[in-house]
Protein chains: 2
Amino acid sequence: MKAPARPIRRATLHHSAVEELRAMILDGELPPGVRVPEVQLCEQLGISRTPLREALRVLSSEGLVELRPHRGAIVAPVDPGEIGAIFEVMDALERLAGTLACRNGSDAEFAKLDRMHDQLVTQHEAGERAAYFLTNRQIHSQIVAMARNPALEATYAGFAAKILRARSLANYDTGRWQESVDEHEGFMAAFRRRDAEEAGALLADHSRRTAVAVIQALRQPPAQGMVQEGGAVTDAEPLNAG
Amino acid sequence: MKAPARPIRRATLHHSAVEELRAMILDGELPPGVRVPEVQLCEQLGISRTPLREALRVLSSEGLVELRPHRGAIVAPVDPGEIGAIFEVMDALERLAGTLACRNGSDAEFAKLDRMHDQLVTQHEAGERAAYFLTNRQIHSQIVAMARNPALEATYAGFAAKILRARSLANYDTGRWQESVDEHEGFMAAFRRRDAEEAGALLADHSRRTAVAVIQALRQPPAQGMVQEGGAVTDAEPLNAG
DNA sequence: AGTTATAATATTGTATACAATTTGGCACGG
DNA sequence: CCGTGCCAAATTGTATACAATATTATAACT
């Protein structure tokens with residue numbers, strides 16, 4: 001929709017590799033715990049080891065990959081305890097985002113938020129689960145963007161990525177769906193009143209309840225998150241095909 | 001058998017390079033805005049370009065370095081606006097740390113915190129500024145450690161590093177010193193009562209007041225380092241080392 | 001047979017060589 | 001005199017070759 005004024009062309013292979021690998025990890029294409037053999041990924045991405053290794057260092061810094069000196073890299077396992085800790089911080093970030101969004105968001109942004117919320121409700125009623133989750137994420141991103149705080153935005157994105165990964169491997173929800181929509185209604189009402197404190201509090205509460213559900217789901221299924229090696233890897237297009 | 005006294009031995013050069021470069025940046029040896037010529041740093045550190053470049057990617061991910069494709073890396077400039085945003089998040093993290101520390105800290109840790117605080121007061125009365133600042137940082141790190149939340153700890157450390165850099169180039173303080181000590185007295189009293197809410201609130205307030213002072217100092221002084229391109233690089237030595 | 005020592009293999013870590021892009025300067029033309 | 005276009009130098013980006021370490025397999029010994 002928006003015409004990007006200038007889509008910054010990251011001409012460097014290692015940066016493309018970061019994005020590619022991050023997407024592969026978040027999509028579950030590279031499951032937690034699997035070893036990341038450099039040469040195999042190199043020919044899969046059509047690049048050499050140098051940019052790939054630089055990408056692995058970045059992803060390690062982001063916490064999506066674990067580097068074990070001389071023993072290879074693995075996709076970071078998803079530990080319920082760690083996810084719990086992440087959610088504790090996330091609650092605080094959500095609260096901050098809600099408060100700041102009320103203070104700094106423009107009327108146009110609030111209107112857009114309202115439209116997104118309507119869409120969310122529609123998708124819930126229609127039972128379109130995948131679309132709902134996407135809209136849900138977009139709503140929270142929108143709130144964070146309205147906070148006008150790049151540091152918050154970056155930190156939030158990092159935690160959201162890890163939480164997304166946890167959610168995707170524990171097939172959480174069903175029972176929580178209706179509840180979650182109700183909570184959305186709650187903080188949207190606060191947003192419409194521009195009640196910064198209340199919006200923040202309700203967002204933090206929403207995050208906390210999500211945390212409980214996700215962690216509970218994470219402890220139940222057989223998949224501990226430690227998947228054995230040789231995990232599924234499908235083909236990917238070479239990065240330097242341009 | 002237990003691990004040796006030094007549990008983690010990072011034998012890889014790129015990891016050592018990360019720590020070395022990060023220290024150089026935080027110490028002001030590499031001032032904000034300066035270009036980071038790879039070859040020069042290579043011979044300075046006695047390594048080749050490969051591990052150095054991997055280190056630069058990591059530092060870029062941490063926000064201490066900016067990579068401009070094909071145009072070299074620069075030490076990230078210190079922008080007052082960005083520092084303000086960072087402090088907004090920091091306030092929330094301090095509050096969370098204070099609250100969790102009350103809930104999760106052991107009595108031994110609280111006792112240690114008390115001793116550190118006594119030391120802080122002593123150093124303030126003695127006018128030992130450098131020692132005071134070190135103890136101050138250690139106290140806040142101790143509080144964060146008592147929160148028992150690795151995600152919080154890591155995020156906090158990242159923000160603290162950037163704030164430290166801002167503080168060191170704006171030689172802020174003097175007027176704020178006494179006030180800061182008073183605030184420490186305040187949240188320490190809350191800690192002794194194990195009043196989680198109050199401790200968190202006072203820590204957040206302390207952080208907010210620090211933010212005001214730092215940012216104000218940052219906008220005024222002979223800030224030589226926060227220019228964009230090739231600005232103001234006399235030499236590395238005489239910054240704040242003494 | 002089980003265990004330990006040793007060697008072979010594979011994979012990672014580092015260094016260097018090569019390619020691509022930017023930057024600065026200079027000539028030419030307006 | 002100033003602007004434009006091209007060329008040269010320098011620096012970054014990438015690929016490959018080499019070195020070091022961990023893992024696995026083998027074999028000898030108790």
Side-chain angles (χ1 to χ4, degrees), chain A residues 6-21 30 33-61 64-76 226 228-231 233 236-242, chain B residues 1 3-4 6-21 30 33-61 64-76 227-231 233:
Chain A
R6 193 169 293 260
I8 20 181
R9 220 184 271 273
R10 298 285 191 183
T12 62
L13 285 186
H14 71 261
H15 195 278
S16 308
V18 167
E19 299 192 351
E20 189 70 24
L21 286 177
L30 290 176
V34 298
R35 204 142 159 270
V36 184
E38 296 183 358
V39 280
Q40 178 183 332
L41 270 181
C42 281
E43 53 191 32
Q44 193 171 339
L45 297 178
I47 63 180
S48 107
R49 279 182 60 211
T50 305
L52 179 79
R53 284 173 57 83
E54 292 179 354
L56 286 178
R57 297 304 180 280
V58 172
L59 293 172
S60 166
S61 176
L64 292 178
V65 157
E66 279 184 18
L67 300 177
R68 304 164 306 172
H70 288 105
R71 299 198 311 173
I74 62 172
V75 177
M226 290 290 292
Q228 63 280 22
E229 307 198 358
V233 268
E237 298 178 11
L239 290 175
N240 55 357
Chain B
M1 281 312 198
R6 299 177 62 172
I8 305 174
R9 198 178 180 89
R10 301 280 194 187
T12 63
L13 285 185
H14 71 262
H15 196 278
S16 308
V18 167
E19 299 193 351
E20 189 71 24
L21 286 176
L30 290 175
V34 299
R35 207 145 157 271
V36 185
E38 296 183 357
V39 279
Q40 178 182 330
L41 270 181
C42 281
E43 52 192 32
Q44 191 171 339
L45 296 179
I47 63 180
S48 107
R49 279 181 61 211
T50 306
L52 179 79
R53 284 172 58 82
E54 292 179 354
L56 286 177
R57 297 305 180 279
V58 172
L59 292 172
S60 166
S61 176
L64 292 178
V65 157
E66 279 185 17
L67 300 177
R68 304 164 308 172
H70 288 107
R71 299 197 317 177
I74 62 173
V75 177
V227 228
Q228 60 277 41
E229 195 54 16
V233 193

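First the proteins, then the strands, lettered A, B, ... as listed; each starts at 1.
- A close approach under 4.0 Å does occur between a side-chain nitrogen or oxygen of A:Ser48 and OP1 or OP2 of D:dA15.
- Comparing atom distances between the B:Pro51 side chain and each of C:dT14, D:dA15, D:dT12 picks out C:dT14 as nearest.
- The two atoms that bring B:Arg57 and B:Leu67 nearest to each other are CD-CD1, 3.3 Å, heavy atoms only.
- At C:dT12, none of the side-chain N or O atoms of A:Arg49 fall inside 4.0 Å of OP1 or OP2 (strictly under the cut-off).
- For B:Arg53, whose side chain is taken as the heavy atoms from C-beta onward, the closest listed nucleotide among D:dA15, C:dG13, D:dT14 is D:dT14.
- A:Leu45 places its CG atom 13 Å from the P atom of D:dT14, with the value rounded to the nearest Å.
- For the pair A:Arg53 and B:Arg53, the minimum side-chain heavy-atom distance is 4.5 Å or more.
- B:Arg68 places its CZ atom 12 Å from the C1' atom of C:dT23, with the value rounded to the nearest Å.
- Whole-Å rounding puts the B:Ile74 CD1 to D:dT11 C1' distance at 16 Å.
- Following rounding to the nearest Å, A:Leu41 (CG) and C:dT12 (C1') show an atom-to-atom distance of 14 Å.
- Side-chain N/O atoms of B:Arg71 and base N/O atoms of D:dG13 include no donor-acceptor pair closer than 3.5 Å.
- An OP1 or OP2 oxygen of D:dT14 is reached within less than 4.0 angstrom by a side-chain nitrogen or oxygen of A:His14.
- Each of A:Ala73 and B:His70 lies near DNA chain C, and the nucleotide nearest A:Ala73 is the one positioned closer to the 5' end.
- The distance from atom CD of A:Glu38 to atom C1' of C:dT14 is 12 Å, rounded to the nearest whole Å.
- Across all non-hydrogen atoms, the minimal contact from A:His14 to A:Ala55 is O-CB, 3.8 Å.
- As a whole-Å value, the separation of A:Glu54 CD from C:dG13 P is 14 Å.
- The side-chain heavy atoms of A:Leu64 and A:Val75, taken from C-beta on, include no pair separated by under 4.5 Å.
- Put simply, CG on A:Leu52 is 11 Å from P on C:dG13, counting in whole angstrom units.
- DNA chain D is contacted by both B:Val36 and B:Thr50; B:Val36 maps to the nucleotide lying nearer its 5′ end (nearest heavy atom per residue).
- Closest approach to the B:Thr12 side chain among D:dG13, D:dA15, C:dG13 is made by C:dG13 (side chain taken as heavy atoms from C-beta onward).
- With a 4.5 Å cut-off on side-chain heavy atoms, A:Leu41 and A:Leu21 count as touching.
- Between the NE2 atom of A:His15 and the P atom of D:dT12 there is a distance of 18 Å, given to the nearest Å.
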